[in-house]
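Counting starts at 1 for both ligands and their atoms, following the listed order.
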Amino acid sequence: MKAVAIIPAAGVGTRMRTTSPKQFLSLAGVPILVHTLRKFSRCPSVGMAIVPMRKSDIASFEPVLEKEGLLGFARLVPGGIHRQDSVYSGFQEVDPQTEVVVVHDAVRPFVALESIDAVIAEAYSSGAAILAIPCTDTLKQIDKTHVVTTLPRDKIVLVQTPQAFRYSLLKEGFERAQAENFYATDESCLVERLGHPVTVLRGSETNIKITKPADLPLAEFLIR
Ligand code: C5P
């Protein structure tokens, strides 16, 4: 059975300082989200994508999906206030018979097909897998303006998406988080809280998250 992808795209993108949220900014003539969806639609281990989106964006994005021939692959559903709400709203649309769910930021269009397949394969065998890259900068914990301590860089990684999970495990993670009103910035954290091990696979420096204005020239370069 193929995995179901959840691709949250309901962010407002305040950090980008543009009128359009970052997932709808054009890259080589099409919205960033289209690049991401094209990638997933070409992935042999993914059967369909559920895309949480702001209600006001759904009507305008549907014709774009149709033009791209992606209407059969991707389903648009309403997102929520926080990223976690959006992913959960997508998760509720997943067929409970699904074995593995893979979550990926709409704004990471440069993910490699092999990485998507690798996290999914690992989730089938161990239950949970994420991508991460080593941290090359020195990391310090601070207290507003002053250093509290220097963190051990060799024990820290920078986490990316896709992240893949066994359906039942992610369901339990969401349910526990909801019961405890806990919010995280990724889905792995919800599964970690259950005490379940999460396998870390090597991500890529080019799997960037297009978030800040400075990311756009880099994205233009990478698309070429
Ligand atoms: O805000 P953040 O950088 O974590 O966003 C990562 C992804 O989550 C983006 O693709 C964004 O559109 C999505 N998101 C969402 N719903 C929100 C906030 C963010 O789907 N309420």
Peer 1: Side chain, backbone, both or neither: which applies to Ile81 and ligand 1 if a contact is any heavy-atom pair less than 4.0 Å apart?
Peer 2: backbone

Peer 1: Quick check on Lys209 - does any of its heavy atoms sit under 4.0 Å from an atom of ligand 1?
Peer 2: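 Right, Lys209 reaches ligand 1.
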
Peer 1: If we only count heavy atoms from C-beta on, is the Leu113 to Lys39 side-chain gap below 4.5 Å?
Peer 2: yes

Peer 1: If the contact criterion is a heavy-atom separation under 4.0 Å, does Asp105 count as touching ligand 1?
Peer 2: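 Under 4.0 Å: yes for Asp105.
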
Peer 1: So which bit of Met53 gets within less than 4.0 Å of ligand 1, heavy atoms only: side chain, backbone, both or neither?
Peer 2: neither

Peer 1: Between Glu62 and Arg75 (salt bridge meaning N to carboxylate O under 4.0 Å), is one present in this structure?
Peer 2: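 Result for this pair is no, no salt bridge flagged.
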
Peer 1: Determine, for Glu99 against Lys2, whether the closest basic-nitrogen to carboxylate-oxygen distance falls under 4.0 angstrom.
Peer 2: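 No, no charged N to carboxylate O under 4.0 Å.
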
Peer 1: Where the closest heavy atom to atom 19 (C) of ligand 1 is concerned, which of Gly90, Gly11, Pro21, Pro52 has it?
Peer 2: Gly11

Peer 1: I need the contact type for Ala9 against ligand 1. Using non-hydrogen atoms and a strict under-4.0 Å cut-off, is it side chain, backbone, both or neither?
Peer 2: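 It is the backbone that touches ligand 1; the side chain stays farther off.
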
Peer 1: What verdict does the side chain to side chain donor-acceptor pair (under 3.5 Å) test give for Thr199 and Glu122, after you've listed the backbone C-alpha separation in whole Å, the side-chain angles of each residue and the deciding distance to 0.1 Å?
Peer 2: CA-CA 8 Å; Thr199 305; Glu122 181 59 32; 2.9 Å; yes

Peer 1: Under 4.0 Å from a heavy atom of Gln23: which atoms of ligand 1 are those, numbered in the order shown and with their elements?
Peer 2: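 Counting from 1, the qualifying ligand atoms are 12 (O).
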
Peer 1: For Lys171 and Glu175: C-alpha separation, side-chain torsions, deciding distance, then whether salt bridge (Lys or Arg N to Asp or Glu O under 4.0 Å) applies.
Peer 2: CA-CA 6 Å; Lys171 184 169 189 283; Glu175 285 169 354; 3.0 Å; yes

Peer 1: Applying salt bridge (Lys or Arg N to Asp or Glu O under 4.0 Å), can you list everything that pairs with Glu205, at least two apart in sequence or on another chain?
Peer 2: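 Once residues adjacent in sequence are excluded, Glu205 has no partner under the salt bridge (Lys or Arg N to Asp or Glu O under 4.0 Å) criterion.
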
Peer 1: Which atoms of ligand 1 have any heavy atom of Lys22 under 4.0 Å away?
Peer 2: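 With Lys22 as reference, the close atoms of ligand 1 come out as 3 (O).
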
Peer 1: Could you name each residue pair satisfying ring-ring contact (aromatic ring centres under 6.0 Å, His included) that touches residues 69-101, not counting sequence neighbours?
Peer 2: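 Qualifying pairs: His82-Tyr183, Tyr88-Phe174, Phe91-Tyr167, Phe91-Phe174.
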
Peer 1: Could you check whether any side-chain N or O of Ser204 sits under 3.5 Å from a backbone N or O of Thr206, counting only pairs where one atom can act as donor and the other as acceptor?
Peer 2: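 Yes.
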
Peer 1: Out of all atoms in ligand 1, which are within 4.0 Å of some heavy atom of His82? Include the element for each.
Peer 2: 17 (C), 21 (N)

Peer 1: Flag Ser86 as yes when one of its N or O atoms lies below 3.5 Å from any N or O atom of ligand 1, and as no otherwise.
Peer 2: yes

Peer 1: Quick check on contacts: which atoms of ligand 1 are under 4.0 angstrom from a heavy atom of Ala106?
Peer 2: 10 (O)

